[in-house]
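Let me begin by presenting the structure, written as structure tokens, before commenting on it.
Note that the numbering runs from 1 along the sequence shown for the chain. As a basis for the values below, the full set of heavy atoms in this structure was taken, side chains included, without hydrogen atoms, waters or symmetry mates.
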Amino acid sequence: MKIEYNKVVEISYEVEVEGKVTDSATKEAPLDYIQGQHMLIPKLEEALEGKEPGDKVTCTVLPEDAYGDYDLKKVFDIPKSSFEVNGQLREDLLVVGKYIPMLNGQGVVCHAMIVDIKENDVTVDFNLPMAGKTLVFTMEVISVREATEKELTEGLHGEFLPPEEHHCHCGGKCGHHHEEGEGCCHEEGEGCCGGGCHGDDEEGGCCHGEGEGCCHSN
């Protein structure tokens with residue numbers, strides 16, 4: 001069976017960035033998705049269209065076709081008080097190089113990297129981890145099958161359901177309630193597969209949770 005619109009596909013892959021393998025999925029634990037449902041980077045779906053199990057595909061994805069250019073406007077200072085919970089500064093979150101989940105102005109969870117810690121402010125970077133990077137994918141098609149009506153309606157793992165009904169297949173539940181003024185969300189590793197978000201914040205932008213695959217559409 002060939003990869004076509006609304007087919008469920010399993011692939012193994014490796015992605016290289018600047019000559020280094022940064023993400024992968026094995027034949028034993030492949031990535032699955034529904035073709036044409038914007039679950040992958042569009043260039044990857046284009047490269048996989050019409051392929052069959054056993055086919056191997058190499059695809060180079062430029063920044064403009066993946067996660068965009070690196071934007072210096074998405075690097076800025078925020079008050080240290082934004083990292084307080086119940087009046088206590090979360091020192092464990094303030095580690096240079098660490099990605100932490102935060103809420104944007106629309107109440108969406110977005111990940112930011114801690115760049116610098118100053119006396120009263122923290123410099124954070126809301127660029128996607130792969131922003132400005134060229135991605136080279138080496139993929140193999142493992143299986144192709146028809147999607148069920150339930151999968152087309154709800155997604156393979158419930159990703160098309162409303163947030164209050166969406167439970168990730170990793171076991172975490174998407175969505176947390178936060179009081180007004182709270183800057184920090186759940187800790188890294190909690191929530192929905194690390195708590196990545198899709199969409200853009202007008203001021204800071206969104207990024208995927210640390211550990212999420214590079215294949216996924218922005």
Side-chain angles (χ1 to χ4, degrees), residues 11-26 31 33 35-49 56-79 82-83 93-118 121-140 159 183-185 187-189 191-218:
I11 61 170
S12 61
Y13 72 89
E14 283 190 347
V15 58
E16 289 189 13
V17 178
E18 299 173 347
K20 179 182 177 182
V21 175
T22 60
D23 193 24
S24 63
T26 65
L31 170 72
Y33 74 99
Q35 179 79 354
Q37 294 297 324
H38 311 294
M39 300 170 74
L40 298 191
I41 293 171
K43 286 292 183 181
L44 295 184
E45 290 201 358
E46 291 177 16
L48 290 165
E49 182 75 19
K56 297 181 180 180
V57 182
T58 299
C59 181
T60 298
V61 185
L62 300 177
E64 58 265 32
D65 295 319
Y67 298 105
D69 293 325
Y70 190 86
D71 187 355
L72 289 175
K73 293 181 180 179
K74 294 182 179 180
V75 182
F76 49 87
D77 290 345
I78 60 176
S82 297
F83 297 87
L93 297 177
L94 301 183
V95 179
V96 173
K98 182 174 184 176
Y99 281 91
I100 60 171
M102 302 184 69
L103 292 178
N104 66 15
Q106 287 70 47
V108 177
V109 178
C110 293
H111 282 68
M113 185 177 74
I114 304 294
V115 176
D116 191 21
I117 301 170
K118 305 173 184 178
D121 299 311
V122 178
T123 304
V124 293
D125 184 352
F126 279 93
N127 280 282
L128 295 165
M130 291 298 167
K133 305 292 186 181
T134 295
L135 315 177
V136 181
F137 288 87
T138 303
M139 303 174 285
E140 181 175 351
E159 57 268 23
C184 294
C185 185
E187 293 186 49
E188 184 177 14
C192 182
C193 305
C197 61
H198 301 271
D200 294 315
D201 173 44
E202 293 178 0
E203 188 173 6
C206 274
C207 80
H208 293 283
E210 186 174 22
E212 289 192 3
C214 295
C215 279
H216 293 286
S217 178
N218 195 11

**OP:** Show your reasoning for whether side-chain contact (heavy atoms from CB on, under 4.5 Å) applies to V75 and F126.
**Re:** CA-CA 6 Å; V75 182; F126 279 93; over 6 Å; no
**OP:** Could you give me the CA-CA distance, side-chain angles and deciding distance for V124 and F83, then say whether side-chain contact (heavy atoms from CB on, under 4.5 Å) is met?
**Re:** CA-CA 12 Å; V124 293; F83 297 87; 4.2 Å; yes
Original post:
Nearest 0.5 Å, what's the CG-NZ distance between D69 and K133?
Top reply: 12.0 Å
Original post:
Looking only at heavy atoms, what is the nearest atom pair of V61 and A66, with distance?
Top reply: CG1-CB, 3.7 Å
**OP:** Measure the spacing between OG1 of T134 and CG of L62 and express it to the nearest 0.5 Å.
**Re:** 5.0 Å
Subject >> Minimal non-hydrogen separation, E45 against H38, with atom names >> reply: OE2-N, 3.8 Å
Original post:
Without hydrogens or angle criteria, can the side chains of D23 and Y13 be said to hold a donor-acceptor pair below 3.5 Å?
Top reply: yes
Original post:
Nearest 0.5 Å, what's the OG1-CD1 distance between T123 and I78?
Top reply: 9.0 Å
Original post:
CD of Q35 to CG of L48: how many Å apart, nearest 0.5 Å?
Top reply: 6.5 Å
**OP:** Run the numbers on E14 and S24 for side-chain contact (heavy atoms from CB on, under 4.5 Å), then give the verdict.
**Re:** CA-CA 4 Å; E14 283 190 347; S24 63; 3.9 Å; yes
**OP:** Consider only side-chain N and O atoms of D125 and Y70, and report whether a donor and an acceptor are under 3.5 Å apart.
**Re:** yes
Original post:
Any side-chain heavy atom of L44 sitting closer than 4.5 Å to one from E46?
Top reply: no
Original post:
If you measure from OG on S12 to CE on M139, what distance do you get to the nearest 0.5 Å?
Top reply: 10.0 Å
**OP:** For L93 and K98, work out which heavy atoms get closest and say how close.
**Re:** O-CD, 4.0 Å
Original post:
Please walk me through it: do I114 and V95 pass side-chain contact (heavy atoms from CB on, under 4.5 Å)?
Top reply: CA-CA 6 Å; I114 304 294; V95 179; over 6 Å; no
**OP:** Check for a donor-acceptor pair, side chain of D77 on one end and backbone N or O of D121 on the other, with a separation under 3.5 Å.
**Re:** no
**OP:** Please round to the nearest 0.5 Å and tell me the distance separating atom CE of M113 and atom OH of Y99.
**Re:** 5.0 Å
**OP:** Measure the shortest side-chain to side-chain distance between M130 and L135 over non-hydrogen atoms and say whether it is less than 4.5 angstrom.
**Re:** yes
**OP:** Check A25 against I11 and note the closest heavy-atom contact, atom names and distance.
**Re:** CB-O, 4.3 Å
**OP:** Kindly give the heavy-atom pair with the smallest separation between V115 and V96, and that separation in Å.
**Re:** O-CG1, 3.5 Å
